[in-house]
2 protein chains.
Amino acid sequence: MISANEYFDSNVKSLGYTTATGNSTLGVMNPGEYEFGTSKHETMRVIEGEMTVKLPGNSEWVTYKAGEAYEIDANKKFQVKVSTQTSYLCQYK
Amino acid sequence: MISANEYFDSNVKSLGYTTATGNSTLGVMNPGEYEFGTSKHETMRVIEGEMTVKLPGNSEWVTYKAGEAYEIDANKKFQVKVSTQTSYLCQYK
């Protein structure tokens with residue numbers, strides 16, 4: 001099954017699926033600022049566009065460009081700002 | 001706007017968006033065999049999983065793994081087989 005989800009008034013949409021190594025979601029964000037919460041460890045990789053991110057426990061915003069990735073532990077909140085439509089791969093592992 | 005589409009009885013789902021360099025779709029395919037048609041030149045990149053593809057005018061099937069890409073001209077048909085859930089980025093350029 002491919003799960004389709006929408007968040008933040010449809011400004012973030014994602015497709016969930018399963019690979020040999022775990023669960024993943026592909027997603028697209030419209031320009032805006034979002035707070036996400038994790039229930040598992042996540043590895044987020046920017047596919048196109050760029051994300052400016054404030055990771056848990058950090059006070060600084062860091063920008064991740066296409067091909068770059070960051071990780072977030074389980075049960076954390078983090079903030080993301082995007083200024084153009086930006087796509088990502090989120091791997092739950 | 002992020003467009004959400006489904007094809008082949010929901011066995012292929014995609015999200016469309018626009019970047020500085022053109023239009024893109026992210027998608028996920030369930031295991032199966034599909035024939036796609038292009039209306040523009042497409043660059044297809046496998047994100048996770050793998051695709052076995054018969055490109056227009058070719059009689060051989062070629063397997064593309066995660067990170068690998070292939071191109072299809074406009075107004076062509078091509079066949080894709082996947083044996084596990086497989087995700088892709090399609091750039092229309």
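Fair warning: this is a prediction, and the values are worked out from it, not measured in the lab.
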Examine whether an atom of [X] lies under 4.5 Å from a heavy atom of chain A, and if so say whether it belongs to the side chain, the backbone or both; otherwise answer neither.
{"X": "Leu26(B)", "result": "both"}
{"X": "Leu89(B)", "result": "side chain"}
{"X": "Ser10(B)", "result": "backbone"}

SG of Cys90(B) to CD of Glu42(B): how many Å apart, nearest 0.5 Å? 3.5 Å

When rounded to the nearest 0.5 angstrom, what is the spacing between CH2 in Trp61(A) and CG in Leu55(A)? 10.0 Å

Using atom types as modelled, flag every donor-acceptor pair under 3.5 Å from a side chain in residues 73-84 of chain B to any protein atom, sequence neighbours excluded.
unit_1   : atom_1 : unit_2   : atom_2 : d
Gln79(B) : NE2    : Glu35(B) : OE2    : 2.4

Looking at Val12(A), Ile47(A), Asn30(A), Val28(A), which has the largest count of heavy-atom pairs under 4.5 Å with chain B?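 That would be Val28(A).
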
Ser14(A) versus chain B, heavy atoms under 4.5 Å apart: side chain, backbone, both or neither?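 For Ser14(A), backbone heavy atoms alone lie under 4.5 Å from chain B.
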
Mind checking whether Met51(A) and Tyr70(A) have side chains closer than 4.5 Å, heavy atoms only?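 Touching, per the 4.5 Å side-chain cut-off.
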
Does any pair with a residue in residues 47-59 of chain A pass side-chain hydrogen bond (donor to acceptor under 3.5 Å, both in side chains), and if so which ones, sequence neighbours excluded? Glu48(A)-Tyr17(B), Glu48(A)-Ser24(B), Glu48(A)-Gln91(B), Glu50(A)-Lys65(A), Thr52(A)-Thr63(A)

